[in-house]
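In what follows, every chain begins at residue 1, and chains take the letters A, B, ... in the order their sequences are listed.
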There are 2 protein chains.
Amino acid sequence: MQDDASNHNPPELEDKSVLASICASNNTTSMTSRVYAQMKQDIISGRLEPNIKLKIESLRKEYNVGTSPIREALSLLTSDYFVERIDQRGFRVSNVSSDGFDELLRTRCWLEERALSESIARGNGQWEEKVVIANYRLSRIPRSESKNHFVANEQWEIAHKKFHMTLISECGSPFLLKFCDQLYEQNIRYRQLAGSSAYPQRDVAEEHSSICDAVLSRNKDLAARLLIDHYNKTSYFVKSELVK
Amino acid sequence: MQDDASNHNPPELEDKSVLASICASNNTTSMTSRVYAQMKQDIISGRLEPNIKLKIESLRKEYNVGTSPIREALSLLTSDYFVERIDQRGFRVSNVSSDGFDELLRTRCWLEERALSESIARGNGQWEEKVVIANYRLSRIPRSESKNHFVANEQWEIAHKKFHMTLISECGSPFLLKFCDQLYEQNIRYRQLAGSSAYPQRDVAEEHSSICDAVLSRNKDLAARLLIDHYNKTSYFVKSELVK
DNA sequence: AAAACAATAAAAACCGATATATTTAACTTT
DNA sequence: AAAGTTAAATATATCGGTTTTTATTGTTTT
């Protein structure tokens with residue numbers, strides 16, 4: 001199965017500094033990939049607001065590219081559920097709704113419960129270590145860049161995703177991983193749109209560690225339950241913002 | 001009012017009579033959609049063989065369109081796991097493998113088990129009737145067009161998908177439905193590629209009816225078990241062809 | 001005034017040509 | 001001969017303009 005078009009940084013590259021610099025300098029990614037990544041980010045961040053019309057000509061100017069990369073990127077975003085398309089009358093940013101979020105949460109729980117279960121069943125010692133290290137790294141990064149008011153920390157966002165994806169990485173199904181990935185990104189969008197007041201007062205790091213512990217003790221049911229609780233708690237804040 | 005004489009009519013537009021009126025009313029499909037549907041079919045049927053390179057220029061000639069619709073269709077097929085893309089070096093048909101099929105089957109069982117369960121929990125009387133009618137219609141259509149040797153029956157294929165999608169239709173998650181749909185199409189591809197010898201000797205209609213009965217009696221566990229058995233049995237034939 | 005129609009404006013879809021990158025082949029150099 | 005280098009051929013990616021379709025506006029008719 002193919003990875004995300006924008007994802008060119010598998011962890012095993014980190015040690016090969018030579019290759020890294022070559023890739024970085026050549027920067028041989030296509031316009032399409034660049035526009036895709038940027039537009040995705042713009043939708044997730046809310047800069048491109050839900051439900052607005054995406055006019056090719058405007059996007060062309062905005063991203064300084066021709067029509068082809070724009071249209072291709074939009075096609076890809078369509079399959080990621082960030083953009084909707086109607087034949088002959090263009091594209092628009094997917095809408096968000098309270099019901100949509102409910103569905104997202106529900107589906108995420110179903111899929112990740114299974115994925116985590118299977119991952120625990122199949123994962124070996126190496127996987128356990130990856131989980132431990134992902135949890136540790138996440139714990140060292142502050143959730144917000146400011147202590148007083150919430151300012152999203154990009155580094156935390158990356159580490160958080162890494163942790164959750166590592167948990168389920170050994171489920172034995174690239175398909176399922178891809179689905180979970182797509183839903184995870186949808187969830188980030190809702191979190192971002194909900195804004196700063198969704199900043200949790202509770203100890204999220206503690207929740208992550210509990211999940212980690214359950215995983216290491218190979219307790220499938222407990223781990224799955226903790227994970228689902230974790231998602232439900234986080235969602236509570238997002239939802240309270242959304243209904244306003 | 002400059003009416004040009006340069007009128008290149010695509011001949012494939014004139015062959016429909018019943019559908020023509022429906023299409024004419026509102027549904028004017030784009031080139032992209034048409035090419036997308038056709039290429040998808042060509043990959044599923046095996047006319048476009050697994051792993052072959054998809055050269056834009058060849059496809060252009062083959063489907064009689066410009067580059068834009070081709071590239072857009074390919075982008076869409078990428079998200080359906082039928083086509084793979086590598087930046088700056090084009091597209092190719094996704095490969096198939098025994099392991100890939102195992103993964104597919106596994107994932108399908110996980111997702112459909114959950115979807116069916118939820119559907120039984122949420123579905124109302126109207127849904128039950130839809131299931132009954134889908135099963136009935138399927139039962140009236142022969143699996144093969146010939147009685148002696150297997151000739152795929154397009155009508156059966158449609159009714160079969162309809163039955164299985166109806167079963168899970170009330171799961172309460174469009175996301176999950178979409179995932180199941182994508183996996184179902186992947187499965188059709190494997191079935192087609194496996195060829196005629198995967199023609200089952202067993203009574204498939206009976207299996208469908210058993211699932212139907214379990215659904216109507218709202219027996220989640222039984223229904224899910226029967227569904228998974230059904231998939232496993234069908235897969236046995238496909239797999240026996242695949243290893244050759 | 002509401003509906004039907006026509007003319008205009010706007011936007012999407014599409015094409016063909018050009019620019020950019022990759023692969024292949026031929027030709028050195030070690 | 002293997003490895004490296006360069007040049008030609010091939011294919012991808014991209015652009016900007018043209019055609020087709022949809023949306024808007026204004027006018028006529030009922």
Side-chain angles (χ1 to χ4, degrees), chain A residues 2 5-6 8 18-19 22-39 48 51-78 83-94, chain B residues 1-14 20 22-39 48 51-79 83-94:
Chain A
Q2 186 179 310
S6 59
H8 295 297
V18 187
L19 253 175
I22 294 168
C23 284
S25 63
N26 275 12
N27 199 7
T28 179
T29 58
S30 61
M31 282 291 175
T32 298
S33 295
R34 236 177 299 169
V35 171
Y36 166 77
Q38 214 176 328
M39 280 190 51
L48 290 174
N51 212 36
I52 60 163
K53 186 104 212 303
L54 292 167
K55 293 175 194 170
I56 308 291
E57 195 53 30
S58 316
L59 296 171
R60 247 177 63 94
K61 285 173 196 158
E62 177 124 18
Y63 294 95
N64 277 301
V65 287
T67 47
S68 311
I70 292 286
R71 291 187 64 87
E72 270 180 62
L74 287 170
S75 294
L76 292 171
L77 288 167
T78 296
V83 167
E84 278 169 23
R85 172 187 186 154
I86 303 173
D87 243 22
Q88 233 77 326
R89 69 197 65 171
F91 302 86
R92 59 175 54 237
V93 177
S94 295
Chain B
M1 306 191 186
Q2 58 268 52
D3 208 345
D4 240 335
S6 59
N7 223 347
H8 312 295
N9 270 1
E12 71 273 14
L13 280 177
E14 322 298 338
I22 300 165
C23 285
S25 60
N26 57 352
N27 190 5
T28 34
T29 58
S30 60
M31 281 290 177
T32 299
S33 297
R34 236 178 300 169
V35 171
Y36 166 77
Q38 214 174 330
M39 278 190 53
L48 290 173
N51 212 35
I52 61 162
K53 186 105 210 308
L54 293 166
K55 294 177 194 169
I56 308 291
E57 195 52 33
S58 316
L59 296 171
R60 249 176 62 92
K61 286 173 195 158
E62 177 123 16
Y63 294 96
N64 276 302
V65 287
T67 48
S68 311
I70 292 287
R71 291 188 63 87
E72 270 181 62
L74 287 171
S75 295
L76 292 171
L77 288 167
T78 296
S79 328
V83 167
E84 279 169 22
R85 172 188 185 152
I86 303 174
D87 243 24
Q88 234 76 324
R89 70 196 64 170
F91 303 85
R92 61 176 54 236
V93 178
S94 295

Query raised in the report: Looking at C:dG16, D:dT22, D:dA11, which one has an atom nearest to any side-chain atom of B:K53?
Result: D:dA11
Report task. Measure from the side-chain heavy atoms of B:R85 and tell me the nearest of D:dT21, C:dA12, D:dA13. Result -> D:dA13
Query raised in the report: What nucleic acid atoms does B:L54 come within less than 4.0 Å of, heavy atoms only: base, sugar-phosphate, or nothing?
Result: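 Since only primed, P, OP1 and OP2 atoms lie under 4.0 Å of B:L54, the category is sugar-phosphate.
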Measure the distance from [atom1] on [X] to [atom2] on [N] and round it to the nearest whole Å.
X     : N      : atom1 : atom2 : result
B:M31 : C:dA13 : CE    : C1'   : 9 Å
A:R34 : D:dT14 : CZ    : C1'   : 12 Å
A:K55 : C:dA12 : NZ    : P     : 7 Å
A:I86 : D:dT22 : CD1   : C1'   : 12 Å
B:I56 : C:dC14 : CD1   : P     : 15 Å
B:Q88 : C:dA19 : CD    : C1'   : 12 Å
A:E57 : D:dT21 : CD    : P     : 20 Å
A:R60 : D:dT14 : CZ    : P     : 14 Å

Query raised in the report: Can a side chain N or O of B:R89 be found less than 4.0 Å away from OP1 or OP2 on C:dT23?
Result: yes
Query raised in the report: So, is B:T32 near the phosphate of C:dC14, with a side-chain N or O under 4.0 Å from OP1 or OP2?
Result: yes
According to salt bridge (charged side-chain N to carboxylate O under 4.0 Å, His left out), who are the partners of [X], at least two apart in sequence or on a separate chain?
X     : result
B:R60 : B:E57
B:E62 : B:R47
B:R92 : none

Query raised in the report: Hey, does the side chain of B:S94 reach the backbone of B:V83 with a donor-acceptor pair shorter than 3.5 angstrom?
Result: yes
**Report entry** Sidechain-backbone polar pair: B:S79 side chain, B:S75 backbone, donor-acceptor under 3.5 Å
**Finding:** yes
Query - Contacts of B:S30 that satisfy side chain to side chain contact (heavy atoms under 4.5 Å, CB included) - sequence neighbours left out - result: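 Scan of B:S30 (side chain to side chain contact (heavy atoms under 4.5 Å, CB included), adjacent residues dropped) gives A:R85, A:D87, A:Q88, B:T32, B:S33.
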Query raised in the report: Does any residue of residues 61-73 of chain A have a heavy atom under 4.0 Å from DNA chain D, and if so, which ones, in number order?
Result: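 Under 4.0 Å from DNA chain D: A:V65, A:G66, A:T67, A:S68, A:P69.
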Requested in this report: Go through the structure and list residues passing side-chain hydrogen bond (donor to acceptor under 3.5 Å, both in side chains) with A:Y63, not counting sequence neighbours.
Outcome: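 A:Y63 satisfies side-chain hydrogen bond (donor to acceptor under 3.5 Å, both in side chains) with A:D42 only.
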